[in-house]
K.L.:
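Handing you this structure, nothing more for now.
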Amino acid sequence: MNEPTVQMGPNFIRNLIEEDLATGKHDMIITRFPPEPNGYLHIGHAKSICLNFGLAAIFNGRCHLRFDDTNPVKEEQEYIDAIKTDIRWLGFDWGEHEYYASDYFETLYRYAVRLIDKGLAYVCDLTSDQIRSYRGSLTEPGRESPYRHRTVAENRQLLSEMRAGSYPDGSKVVRAKIDMASPNLNLRDPVLYRILHATHHRTADRWCIYPMYDFAHGQSDSIERISHSICTLEFEDHRPLYDWLCEALEIYHPQQIEFARLNLTYTVMSKRRLLELVTDQHVTGWDDPRMPTLSGMRRRGFPAAAVRAFCDRIGVGKSDSVIDMGVLEDCVREELDSCTPRAMAVLRPLKIVITNYPEGRSEEFTVPKHPKYPEMGSRTIPFSREIYIDSDDFKEDPPKKFFRLGPGREVRLRYGYIIRCDEVVKDPTTNEVVKLMCSYDPETAGGKLPEGRTKVKGIIHWVSVPHAIPVDICLYDRLFTEPNPTGVKDVDYRDHLNPNSLEVLTESYVEPGLQGAKVGDSFQFERLGYFCVDSHSPTSDKPIFNRIVSLRDTWAKLQGEG
RNA sequence: AGGGGCGUCGCCAAGCGGUAAGGCACCGGAUUUUGAUUCCGGCAUUCACAGGUUCGAAUCCUGUCGCCCCUGCCA
């Protein structure tokens, strides 16, 4: 396993743990990442994973992977497998420490019995609607259930009958006996167990009562002797309940610390919505390269190291925040720039005929795979009389500061000759530019500049027509047109879906050296961006390249302003 | 006065009584056979606001305002 070097700036959780270690409150720290196997992991989970595994690595502790699988109707083995794959991809290893809340069902049941014996829990026959109305509201206290004062013996009897399957779904629950007037709604006799005659993906039909999250999560942490239970802000209100439970049960009491969950612009982050995008087929699946899921980003070509760098860069705090997508993209570019071999590709081809280059002749240029790291080796690119250039590198009527090709203009072919556009050939009916007749200067090969010749400012990429490999290109853009798709009043987030989030180009070409590229291989197509071979390429011989991220483009930015 | 939390540059974020780190974005400029990369330089007299304590406050106290979360037999 590739053990990542963990980067983590100072943050309040790290400081707190440092203090706990310094004061001897703990000799070793144990954290955990506790996903529910009901969906795929997304970049928000990556933040939590990097935090929990990162902290464990920094302080020489350990981090458990625990599946909080207490709701059999929503959870599936498929998700467990996908989650494990994603965490390993991110570069983290939980070793032997793979746990399941369902492994603790028997212990949890004994805990429930213990509460009943202490008169701190009871079996309640109210319907869910009744429980809701008895709960009161934010501003009004609740009312006690008429079943609240059943005897210990009766409660024990009822609970064991519940477990034995004597009652139908929803007919009874067990509740903690805390305080129906508490200003904290979580303390108004919360439900601990419900009856669910459902087959669980791990315990099959052994149980027909299942613990609620609030009765499983904290105790699971306790059972695993988690020193620091790190979770997101919305569980802050639940902490008093976990405290109450640990005290009532007289069990080990982990310390819960809450941090703000990640939000990213131009995407959504809730599992519910991501699932909707998948089931409504707005995307092709959980691993659609436009999804903020780890599987989507992996397929898109984001390096795991970039995701880790991102998680470090955004920090950890308690204030609600929305991170600009640009931060993630910058991390991806930074990682890819140093490790990605360069290549030339033409996305929207425009043919050029070099009129003074002999017909039938061709030559090869040997150029570095990476201009800054010659140790990465070299590649050869063929040149011939006909080449493709990208159509936006030619403008019949060039705007100001456009230093690419235009009628009568000169431009340098990357790693090749300087050419001049002598003639523009158009389709007589559509008036579209179909071909450019150019001439080359044989004295300018490989960057050479003869004495007295003025330097050309523009350099463009190209591919030799007879040597070009046809490929399909997938251009991805942000999934939504709104920075905060769920934040616009009275508008469904799906109405902000970007209709142009995927553009498929089917007439693109790459240099012949990319012939043997394998799924997942990444390249920088010079002047265009980073691309990788898609894992869903058809078995046909025409590969698909996903654009991972574009290069920074100050020219495009200037254009946008104009 | 229902409870809990948060408010430091456009977006994140250090800082924890001694006089505002860093990143992204943005703006200059240098180098460049990728308008990329790299490199330099600029970018909060001010920390939601108002009072108070102090020689000294983003940091302590009081009050005000704004935003987020909580009424699943989901997690």
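Chain naming here is simple, since letters A, B, ... match the order of the sequence lines and numbering starts at 1 in each.
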K.L.:
Given the C1' atoms of B/G28 and B/C68, what is the spacing between them in whole Å?
P.N.:
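Looking at atom C1' only, B/G28 and B/C68 are 39 Å apart.
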K.L.:
Under the rule syn = chi within 90° of 0, otherwise anti, which is B/G42?
P.N.:
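That one's anti.
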K.L.:
With rounding to the closest Å, how many angstrom separate the C1' atoms on B/C26 and B/C12?
P.N.:
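One C1' to the other, the span is 15 Å.
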K.L.:
Grab the NE2-P distance between A/H238 and B/A75 for me, whole Å please.
P.N.:
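So the NE2-P distance, A/H238 to B/A75, works out to 11 Å.
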K.L.:
Thinking salt bridges, do A/R453 and A/E410 make one under a 4.0 Å N-O criterion?
P.N.:
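Salt bridge: yes.
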K.L.:
Which heavy atom in A/H200 sits nearest to a heavy atom in A/Y210, and how many Å separate them?
P.N.:
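That closest heavy-atom pairing would be CB-OH, 3.5 Å.
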K.L.:
Using the P atom as the point on both nucleotides, what is the distance between B/G66 and B/U53, in whole Å?
P.N.:
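Roughly 28 Å separates the two P atoms.
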K.L.:
What's A/H217 touching, base or sugar-phosphate or nothing? Going by heavy atoms closer than 4.0 Å.
P.N.:
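The answer is nothing, as A/H217 stays clear of every strand by at least 4.0 Å.
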K.L.:
Do A/S222 and A/Q219 have side-chain N/O donor and acceptor atoms under 3.5 Å apart?
P.N.:
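Checked: A/S222/A/Q219 side chains show no N/O donor-acceptor pair below 3.5 Å.
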K.L.:
Can you tell me the distance, in whole Å, between the CG atom of A/L233 and the P atom of B/C6?
P.N.:
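One finds 8 Å between P of B/C6 and CG of A/L233, rounded.
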K.L.:
If I pick the C1' atom on B/G72 and the same atom on B/U8, what distance separates them, to the nearest angstrom?
P.N.:
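Between the two C1' atoms, the distance is 38 Å.
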K.L.:
Is A/D553 touching bases, backbone alone, or none of the nucleic acid, heavy atoms closer than 4.0 Å?
P.N.:
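Nothing, no heavy atom under 4.0 Å.
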K.L.:
Please give, in whole Å, the distance from B/G22 P to A/R313 CZ?
P.N.:
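Taking CZ of A/R313 and P of B/G22, I get 15 Å after rounding.
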K.L.:
Quote, to the nearest angstrom, the C1' distance that separates B/A50 from B/A13.
P.N.:
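After rounding to an integer number of Å, I get 27 Å for this pair.
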K.L.:
Between A/R135, A/K177, A/R148, which is the residue that forms a salt bridge (charged side-chain N to carboxylate O under 4.0 Å, His left out) with A/D189?
P.N.:
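Testing each of A/R135, A/K177, A/R148 against A/D189, the sole residue satisfying salt bridge (charged side-chain N to carboxylate O under 4.0 Å, His left out) is A/R148.
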K.L.:
Using atom P in both nucleotides, what's the gap between B/A1 and B/A44 to the nearest angstrom?
P.N.:
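Comparing P positions in B/A1 and B/A44 gives a spacing of 43 Å.
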K.L.:
Just to be sure I understand the rule, does A/P371 reach a base, reach only the sugar-phosphate, or reach nothing, if contact means heavy atoms closer than 4.0 Å?
P.N.:
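Here A/P371 touches the bases of the nucleic acid.
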K.L.:
Would you mind reading off the distance between A/D312 atom CG and B/A14 atom P, rounded to a whole angstrom?
P.N.:
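About 11 Å, once rounded to whole Å.
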